[in-house]
Amino acid sequence: MAKVVIYRTTYCPYCDMAKRLFQNIDVPFEEIDVTNDTDMRMKLVELSGGMRTVPQIFIDDVSVGGYTDVAALQKSGKLDEMLGR
C-alpha cells in the first residue's frame, strides 16, 4: 500500500475531512501538524511546489493537493489506483 502523509493544522475543518476520508476507506496515514511550526510549514511549502494551504496530502511523496482534490480522485476511482489497491 502507498504511503499517505497529511500536513495539517489543528483548526482546519478540511484537514479533519481529509483524515476522515482516509479513515473511512481504511488507509493508514501519517499526520504532520504545522500549526505552530514555522520550519515545518516552510518545508510543506517547498514540498508542495509553493502551496501554503492545508491540508496538503502526499501519496508516495507526490503532492496530490488538498481535501477537495483527494475527494475528486476518490469519486473518479483514481485514488484507489494511486494507493495501489
Side-chain angles (χ1 to χ4, degrees):
M1 172 131 350
K3 177 184 174 189
V4 176
V5 178
I6 301 173
Y7 286 81
R8 66 175 205 82
T9 60
T10 57
Y11 52 83
C12 169
Y14 286 94
C15 298
D16 294 335
M17 291 189 299
K19 289 170 42 178
R20 269 194 305 278
L21 184 150
F22 285 105
Q23 289 167 341
N24 289 341
I25 61 173
D26 294 319
V27 172
F29 56 88
E30 176 185 354
E31 291 180 68
I32 299 177
D33 185 353
V34 298
T35 303
N36 295 311
D37 190 335
T38 305
D39 292 336
M40 189 57 73
R41 187 71 176 235
M42 293 310 298
K43 181 179 178 183
L44 161 64
V45 172
E46 179 183 322
L47 291 172
S48 66
M51 300 300 294
R52 297 181 178 277
T53 58
V54 289
Q56 285 299 316
I57 302 164
F58 294 80
I59 298 175
D60 284 339
D61 298 322
V62 175
S63 175
V64 294
Y67 168 74
T68 54
D69 301 306
V70 171
L73 287 170
Q74 182 187 29
K75 186 175 181 179
S76 72
K78 292 181 182 177
L79 182 59
D80 280 338
E81 183 180 318
M82 294 178 79
L83 294 170
R85 298 172 93 183

*Apart from Val64 itself, which Ile, Leu, Val, Met, Phe, Trp or Tyr residues share its cluster (side-chain heavy atoms under 4.5 Å, direct or through members)?*
Met1, Val4, Ile6, Tyr14, Met17, Leu21, Phe22, Ile25, Val27, Phe29, Ile57, Ile59, Tyr67, Val70, Leu73, Leu79, Met82, Leu83
*Looking only at heavy atoms, what is the nearest atom pair of Cys15 and Pro55, with distance?*
SG-N, 3.6 Å
_Closest non-hydrogen atom pair, Arg52 against Arg41_ = O-NH2, 2.8 Å
*Could you give the distance from CD (Gln23) to CG (Asp16), rounded to the nearest 0.5 Å?*
9.5 Å
*Which pairs with one or both residues in residues 40-64 pass ring pair (Phe, Tyr, Trp, His ring centres under 6.0 Å), sequence neighbours excluded?*
Tyr7-Phe58
_Counting only heavy atoms from other residues, nucleotides and ligands, does the tally under 6.0 Å from CD of Glu31 exceed 12?_
yes
*Could you go through the side chain to side chain contact (heavy atoms under 4.5 Å, CB included) check for Val45 and Met51 one step at a time?*
CA-CA 5 Å; Val45 172; Met51 300 300 294; over 6 Å; no
*asked:* Using the rule that Ile, Leu, Val, Met, Phe, Trp and Tyr join whenever any side-chain heavy atoms are under 4.5 Å apart, tell me whether Met40 and Leu44 fall into a single cluster.
replied: yes
*Asn24, CG: over 12 other non-hydrogen atoms inside 6.0 angstrom*: yes
_Pairwise distance CG(Asn36) to OG1(Thr10) - rounded to 0.5 angstrom_ = 7.0 Å
*Atom NZ in Lys43, atom CD1 in Ile32: separation rounded to 0.5 Å?*
6.5 Å
